[in-house]
There are 2 protein chains.
Amino acid sequence: MPTSELDPLLTSLADARRARRTVMSTSADRAARLLREQVVEGALTSGTRLPEVRLAEALGVSRNTLREALSQLVAERVLRREEHRGVVVATPSVDDVHDVYAARRIIEPAAVQHGVAHDPEHLDALELAVREGHAAAASHDWRGVASANQHFHRAVVGLAGSARLDAQMDLLLAEMRLFFNQMPDPEPFHTPYLDENAIIAAHLRSGRRAEAATRLASYLRTAEEQLALAFTTGGATRGR
Amino acid sequence: MPTSELDPLLTSLADARRARRTVMSTSADRAARLLREQVVEGALTSGTRLPEVRLAEALGVSRNTLREALSQLVAERVLRREEHRGVVVATPSVDDVHDVYAARRIIEPAAVQHGVAHDPEHLDALELAVREGHAAAASHDWRGVASANQHFHRAVVGLAGSARLDAQMDLLLAEMRLFFNQMPDPEPFHTPYLDENAIIAAHLRSGRRAEAATRLASYLRTAEEQLALAFTTGGATRGR
DNA sequence: CCGTAGGGATTGTTCAACAATCCTGCAATC
DNA sequence: GATTGCAGGATTGTTGAACAATCCCTACGG
């Protein structure tokens with residue numbers, strides 16, 4: 001290939017173009033992103049039905065493109081489609097809690113112990129999430145603590161160095177938000193794990209992977225128990 | 001609840017109804033399932049564009065419902081959408097190979113070692129896949145060997161006991177099919193791993209999880225190298 | 001050889017419609 | 001009084017046609 005010098009320029013332009021694309025994107029994608037955001041942020045509590053016509057005009061798109069967005073979100077498990085009854089925000093049960101944690105207990109400790117991307121960049125992301133969590137806790141912002149916690153676990157999976165695994169983890173974390181939004185009193189659930197995160201990050205910074213992995217594993221076990229307990233006893237507000 | 005005796009009948013009916021729903025399903029879902037099948041079975045080689053009009057009339061659905069199906073499949077990464085250019089069967093690169101294997105190297109050994117569903121049922125599934133592979137090899141059906149291999153690894157992940165992880169693994173295995181379909185000579189790639197599968201299954205039947213996990217880990221490492229090698233030197237037929 | 005204008009094809013998106021299905025309320029019945 | 005039957009309305013599933021925006025290719029001109 002004789003063309004040599006301008007190659008970097010070409011690729012950078014292609015990148016920019018792709019970036020603008022992802023910013024602009026299509027109407028369906030934009031609608032999907034908005035809806036996903038609303039669901040994950042808890043603005044739409046689980047179980048609420050989403051009528052297509054109202055939703056479409058609220059988003060300023062036609063019903064058909066809205067349905068494309070909905071298909072996308074249903075495939076991501078963020079929404080559930082019940083035939084001829086409409087799409088609803090998923091209403092997870094305690095079984096879903098166990099299923100999600102079964103997956104997390106497999107993925108996260110393994111990423112810590114056998115990940116191939118334990119570079120400074122990812123370790124920085126871990127510690128950044130820890131600091132973010134402490135800051136949010138200082139101002140009694142439990143929602144911020146929850147966000148920071150999720151950022152921490154996303155960073156944990158990032159250590160594996162697989163974009164596909166990262167995407168999968170994002171889906172799992174989105175479902176976690178649904179769990180939280182369904183709990184009666186989510187606040188005390190998050191704070192205890194702040195210190196645990198800090199310890200794990202420190203272990204990893206020093207290269208003590210095994211310790212970090214076992215710590216994370218037991219961490220996840222207790223978190224699962226607590227969450228399941230809150231679901232059964234606390235009478236999580238099931239969909240009517 | 002005083003109503004007691006007919007409760008089982010009620011639940012069984014509800015189950016049947018749900019089952020029929022998943023069988024019949026909607027047009028969009030059916031189209032999506034057909035397309036996914038075609039892609040995974042290798043009938044549609046990677047890189048081929050899928051024009052909406054022709055595809056729609058081939059499937060006997062309108063363009064709008066087809067687009068719903070396509071949105072679904074794009075969300076599943078089975079297809080890739082390039083704006084204003086159409087959806088194409090994903091054309092994986094070497095980077096994708098490494099990414100997929102990074103995920104598998106995290107998930108599979110961990111499922112073997114720390115899975116919570118090592119019950120007879122799942123172990124039977126493992127051994128069934130082993131036998132299926134040997135049978136296919138006996139009749140020199142390399143495609144059958146590949147299928148059996150995938151069934152084996154799906155069963156491995158099944159040991160984790162997480163439906164979500166299973167679904168994720170199905171996606172990864174579908175991408176593996178794309179890799180194979182792109183290789184010039186896939187036959188000799190699959191057969192060497194038959195014995196390896198048998199050994200791992202035997203280890204697990206005897207409860208020797210650690211041995212099975214390490215064996216599987218090194219297995220995946222060499223498989224990744226071989227596949228990457230075939231991609232770079234073999235001149236995998238990139239999109240025209 | 002390089003750029004460029006034009007035309008055809010394909011995608012993104014909307015609108016309007018219709019059948020099928022679901023939900024709600026009310027009347028009729030045992 | 002609770003259940004059944006039955007309209008009527010609302011919502012979903014699906015279609016067909018249309019149009020602008022964009023891409024791809026080709027032929028033309030410098």
Side-chain angles (χ1 to χ4, degrees), chain A residues 1-3 6 9-10 13-14 16-35 47-75 79-89 239-240, chain B residues 1-3 6 9-10 13-14 16-35 47-75 79-89 239-240:
Chain A
M1 293 172 191
T3 65
L6 72 167
L9 173 63
L10 260 50
L13 282 185
R17 173 165 114 155
R18 211 173 312 142
R20 183 161 131 255
R21 278 235 173 112
T22 58
V23 172
M24 301 278 299
S25 194
T26 79
S27 295
D29 282 347
R30 250 173 323 190
R33 195 165 24 190
L34 279 177
L35 281 178
T48 58
R49 297 189 43 189
L50 304 180
E52 297 183 354
V53 274
R54 253 179 294 169
L55 209 54
E57 64 191 27
L59 289 168
V61 301
S62 120
R63 197 159 78 93
N64 286 17
T65 56
L66 173 74
R67 280 177 68 87
E68 285 185 27
L70 293 181
S71 299
Q72 201 174 321
L73 293 174
V74 168
L79 301 180
R80 178 187 316 285
R81 166 165 276 146
E82 304 180 2
E83 260 178 62
H84 289 280
R85 304 225 265 128
V87 298
V88 301
V89 182
R240 62 182 215 85
Chain B
M1 293 174 191
T3 63
L6 72 167
L9 172 63
L10 260 49
L13 282 185
R17 172 166 117 156
R18 210 173 313 140
R20 182 161 133 255
R21 279 237 171 109
T22 59
V23 172
M24 301 278 298
S25 193
T26 79
S27 294
D29 281 347
R30 250 173 325 200
R33 196 166 20 189
L34 279 176
L35 281 177
T48 58
R49 296 189 42 190
L50 304 180
E52 296 183 353
V53 275
R54 253 178 296 169
L55 209 55
E57 64 190 29
L59 288 168
V61 301
S62 119
R63 198 159 80 92
N64 285 336
T65 57
L66 173 74
R67 280 178 67 86
E68 284 184 27
L70 292 182
S71 298
Q72 202 174 321
L73 293 174
V74 167
L79 301 179
R80 179 188 316 285
R81 165 164 277 146
E82 303 180 4
E83 262 179 57
H84 289 281
R85 303 224 263 127
V87 298
V88 301
V89 182
R240 66 175 218 87

dist B/Ser27:OG -> B/Glu68:CD (nearest 0.5 Å) comes out at 9.5 Å
Mind listing the closest non-hydrogen atom pair of A/Ala28 and A/Ala69 along with its distance? O-CB, 3.5 Å
Would you mind reading off the distance between B/Leu50 atom CG and C/dT10 atom C1', rounded to a whole angstrom? 13 Å
side-chain hydrogen bond (donor to acceptor under 3.5 Å, both in side chains) partners for A/Arg63, two or more places apart: A/Glu52
Give me the atom names and distance for the closest heavy-atom approach of B/Leu70 to B/Leu79. CD2-CD1, 3.7 Å
B/Val74 and B/Arg80: which non-hydrogen atoms are nearest, and at how many Å? CG2-C, 4.5 Å
In whole Å, what is the span from the CZ atom of A/Arg85 to the P atom of D/dT11? 15 Å
Against the side chain of B/His84, the closest entry in D/dT14, D/dA21, D/dT11 is D/dA21
Looking only at side-chain N and O atoms, does A/Ser27 come under 4.0 Å of OP1 or OP2 in C/dT13? yes
I want to check something: taking the side chain as every heavy atom from C-beta on, are B/Val87 and B/Leu73 in contact at a cut-off of under 4.5 Å? no
Where along residues 60-73 of chain A does a heavy atom fall under 4.0 Å from DNA chain C? A/Gly60, A/Val61, A/Ser62, A/Arg63, A/Asn64, A/Thr65
Distance in angstrom units between B/Arg49 CZ and C/dT10 P, rounded: 8 Å
Give B/Leu55 one of three labels, base, sugar-phosphate or nothing, depending on what nucleic acid heavy atoms sit under 4.0 Å from its own. nothing
Less than 4.5 Å apart, side chain to side chain, heavy atoms only: is that true for A/Asp29 and A/Gln72? yes
Axis-to-axis angle across the helix from C/dC1-D/dG30 to C/dC30-D/dG1, five pairs each end, nearest 10 degrees, ~ 20°
Distance check needed: D/dG16 P versus B/Glu52 CD, whole Å only. 15 Å
I'd like to know if the side chain of A/Arg85 reaches the main chain of A/Arg49, judged simply by a donor and an acceptor atom lying under 3.5 Å from each other, with no hydrogens or angles considered. no
In whole Å, what is the span from the CD atom of B/Glu82 to the P atom of D/dC23? 11 Å
Nearest heavy-atom approach of A/Ser25 to A/Arg30 is O-NH2, 4.4 Å
